[in-house]
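Worksheet: one structure, shown below.
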Amino acid sequence: MRPLPISPETAQRLARELNVPIEHLMHMPQHILMQKLAELAKKKPDESAAKNNAPESGRPTSE
């Protein structure tokens, strides 16, 4: 199996986000990588929604 055709920067970011060693990521079958990316995408909107609902400190209110 050949390594994934992605840039080193992308590989580093994906390895960090997926919490896997970069060597494992580069030789991961493409269908498994796509499955992990889909799982990651499901988690990210939940985290960003929680951030959007949290009150921001230091932001003036229009009262």
Side-chain angles (χ1 to χ4, degrees):
M1 183 179 297
R2 63 187 181 130
L4 293 172
I6 56 178
S7 71
E9 294 83 15
T10 302
Q12 289 175 343
R13 182 169 181 212
L14 284 173
R16 186 173 43 252
E17 292 285 331
L18 296 173
N19 198 25
V20 296
I22 197 164
E23 295 83 10
H24 291 183
L25 176 78
M26 292 305 295
H27 296 285
M28 186 179 290
Q30 199 167 12
H31 69 280
I32 293 176
L33 177 61
M34 295 305 291
Q35 179 183 2
K36 289 186 178 285
L37 289 173
E39 292 171 5
L40 184 64
K42 286 181 185 177
K43 290 179 184 178
K44 286 292 181 179
D46 294 340
E47 292 174 6
S48 63
K51 287 179 185 177
N52 289 340
N53 291 337
E56 295 182 26
S57 61
R59 186 175 179 182
T61 58
S62 58
E63 292 180 24

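- Under the side-chain hydrogen bond (donor to acceptor under 3.5 Å, both in side chains) criterion, E23 pairs with no residue at all, not counting sequence neighbours.
- Side-chain contact between E39 and Q35 is present, with at least one heavy-atom pair separated by less than 4.5 Å.
- Going from atom CG of L37 over to atom NZ of K42 covers 12.5 Å, rounded to the nearest 0.5 Å.
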Name each donor-acceptor pair under 3.5 Å that joins a side chain in residues 6-20 to protein atoms two or more places apart or in another chain, with its distance.
residue, atom, partner, partner atom, Å
S7, OG, T10, N, 3.2
S7, OG, T10, OG1, 2.8
E17, OE1, K44, NZ, 3.1

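- Rounding to the nearest 0.5 Å gives a distance of 11.0 Å between CE of M28 and CE of M26.
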